[in-house]
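On a predicted model such as this, the values are computed, not experimentally measured, just so you know. These values consider heavy atoms only, across backbone and side chains, with no hydrogens, waters or symmetry-generated copies.
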Amino acid sequence: MKLSSLYTLLLLFLVQSFSAQLTKGSFVDGIAAVVGTELILDSEVNEQLKYIEQQGLEPASKCKVFESVLNNKIIISEAKKDTLIENRSEQIRSIAEQKYNQILSQFPSEKAMLDNYKISTAYEMKRMIEKIDTDQYYAQEKFRRITQGIDATPFEITDFYNNYKEQLPEVKDEVILSQISIFPKLTEAHKKELIDRLNIIRQAILDGESFENQARIYSEDKASAVNGGKMKNITKGQMVKPFEAAALNLEVGQISAPIETEFGFHIIRLDAKKGKNYDASHILLMNTPNDEEIATAKKKLENIRKEIVDGKITFKEAAVKYSDDKRTKYNAGVMTDENGSDRMEKINLDPILGYQIAGLNEGDMTEVFETTVDRKKAVSFVKINTIIPAHQLSLETDYDRLKDLTLKKKQNEMIEKWVKEVFPKVYMNIHPRYQDCHSLLK
């Protein structure tokens, strides 16, 4: 279960920033400001400057970056005092543990990971991740509360476009795509093989082997395997239903028989029950299809594609009837990007998908190909609904995008107004070298 590239980038950037905070002998000297209960570190400002440079973004002065960080810390500090924002420290701590294990699964050992990030202990790194997620949660919730109810009218969108059209970026080549995907089904013989292997592992544990050691050796859930299969503070409803039903029907310390979920086959040990949360350990053997099972799925999907080509069924009908991709199944198979837009830049497409649609025209469909959907092997074919050449943003072709930009501008203006109002009420101690770096400090 690898992290997305965006989250990995964010984590690298922020963890490096926080690691500088804990370097012996530099903590006090590295403080740029105290804002309420929050610290601003020189390292945070410097790392953001470096990030902006590395990403090729428009250069920003150190003062400009400090002002941005300061505003964000004000929001976080005030959010933590807002009694209408739910305290989710337990859930955040649990998710931080999972993220830690996800990162750890990408290294040969815990020491290799800690050395890579120049962090002394696992506890230190977990608390860093928890701090990042906590700040992000409170910032987002306060932002939402401050800006709730804001909308952009057609007049405001038109006005925004007329005022900024010369500064608006060019949209790169885009496509609107639909897909039908199915997951190859395991044969009964293959399922029996996985169940038999799990039963052998389970019996070894019952005979005295350590569950944790067996999980480290055999479990294919890399994120939990490195932690002996342990998953702590699981909130009810967080796991898929078959897993949760099996786990919560166990007595503490009891190990389940093999159970099947959409991810494969598990044996589960219930470790603790505590209110709405529980701790469990598991060993997973994934339902990874073999070549024969993939070939069978390909043949089935090729027949579905032929039905569409022959006019026996529409693409939309086929998506609803056959597709295993829950994200697109009931949306006529239409794919969306990470922001929920159906207009996807060609340059950002998965390389496999980009290769498959290369040279095709509107209305064409790819051949059936192997891919990955929700981290599972799948076979798919894709229809090119629309090709949108690179162009400048315009009201005629990009109204929704312009509405989003207008809304963001209004939200930012409201945040700036709110910061200006609360600024005098927030305790601050700014290092002299940053005293001239905020318009409200002058």
Evaluate the criterion side-chain contact (heavy atoms from CB on, under 4.5 Å) for residue pair E97 and K126; output intermediate values, then yes/no. CA-CA 6 Å; E97 184 85 24; K126 288 175 185 178; 3.1 Å; yes
Using a distance-only test with no angle check, is there a side-chain donor-acceptor pair under 3.5 angstrom linking [X] and [Y]?
X    : Y    : result
N233 : K274 : yes
D325 : Q179 : yes
D271 : S281 : yes
N331 : T328 : no
Q98  : N101 : no

What's the separation between atom CD in E292 and atom CG in L186, rounded to the nearest 0.5 Å?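 The distance works out to 11.0 Å.
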If you measure from CG on D337 to CD on E174, what distance do you get to the nearest 0.5 Å?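 Here the rounded value is 9.0 Å.
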Using 4.0 Å as the upper bound for N to carboxylate O, is an ion pair formed by [Y] and [X]?
X    : Y    : value
K403 : E156 : no
R305 : E302 : no
E260 : K191 : yes
D82  : K80  : no
E90  : R93  : yes
K99  : D133 : yes
K377 : E293 : no
E141 : R144 : yes
D398 : R343 : yes
E367 : K298 : no
K62  : E67  : no
E44  : K73  : yes
R127 : E130 : yes
E244 : K236 : no

Can you check side-chain contact (heavy atoms from CB on, under 4.5 Å) on T235 and Q91, steps first, answer last? CA-CA 8 Å; T235 304; Q91 296 95 317; 4.0 Å; yes
Can you find a pair of side-chain heavy atoms, one from [X] and one from [Y], that are under 4.5 Å apart?
X    : Y    : result
I40  : L70  : yes
Y161 : S394 : yes
T371 : L353 : no
I255 : I205 : yes
M365 : V382 : no
M125 : M113 : yes
L177 : K383 : no
F143 : Q411 : yes

Which pair of heavy atoms, one from [X] and one from [Y], lies closest together, and at what distance?
X    : Y    : value
L250 : L270 : O-CD2, 3.2 Å
P258 : N199 : CD-OD1, 3.2 Å
S219 : I283 : OG-CA, 3.8 Å
L194 : L285 : O-CD1, 3.6 Å
I259 : A246 : CG2-CB, 4.0 Å
A332 : S178 : O-OG, 3.6 Å

For [X], does the [atom1] atom sit with more than 12 other heavy atoms under 6.0 Å from it, leaving out its own atoms?
X    : atom1 : value
N162 : CG    : yes
K329 : NZ    : yes
K232 : NZ    : no
Q254 : CD    : yes
Y218 : OH    : no
I347 : CD1   : no

From CA spacing to verdict: side-chain contact (heavy atoms from CB on, under 4.5 Å), V35, I76: CA-CA 9 Å; V35 183; I76 293 167; over 6 Å; no
Would you mind writing out the side-chain donor-acceptor pairs for residues 307-317 within the sub-3.5 Å range, not counting sequence neighbours?
residue, atom, partner, partner atom, Å
D310, OD2, K306, NZ, 2.8
T314, OG1, E317, N, 3.0
T314, OG1, E317, OE1, 3.3
E317, OE1, T314, N, 3.0

Side chain to side chain donor-acceptor pair (under 3.5 Å) for S224 and D221? Distances and angles first, verdict last. CA-CA 6 Å; S224 68; D221 176 5; 2.9 Å; yes
Should E413 and K409 be marked as a salt bridge (charged side-chain N to carboxylate O under 4.0 Å, His left out) after you check the CA-CA gap, both sets of side-chain angles, and the distance that decides it? CA-CA 6 Å; E413 287 171 349; K409 181 176 180 292; 2.5 Å; yes
Within residues 266-298 or reaching into it, pairs that qualify as ring-ring contact (aromatic ring centres under 6.0 Å, His included) - sequence neighbours excluded: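 Only F243-H266, F243-H282, H266-H282 qualify under ring-ring contact (aromatic ring centres under 6.0 Å, His included).
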Counting only N and O atoms by type, is there a donor-acceptor contact under 3.5 Å from the side chain of R202 to the main-chain atoms of S256?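 Pair found, side chain donor or acceptor close to backbone of S256.
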Name all residues meeting the side chain to side chain donor-acceptor pair (under 3.5 Å) criterion together with E86; count only those two or more places apart in sequence or in a different chain, and write none if there are none.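 By the side chain to side chain donor-acceptor pair (under 3.5 Å) rule, E86 matches R88.
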Can you check side-chain contact (heavy atoms from CB on, under 4.5 Å) on I234 and N277, steps first, answer last? CA-CA 5 Å; I234 305 169; N277 291 0; over 6 Å; no
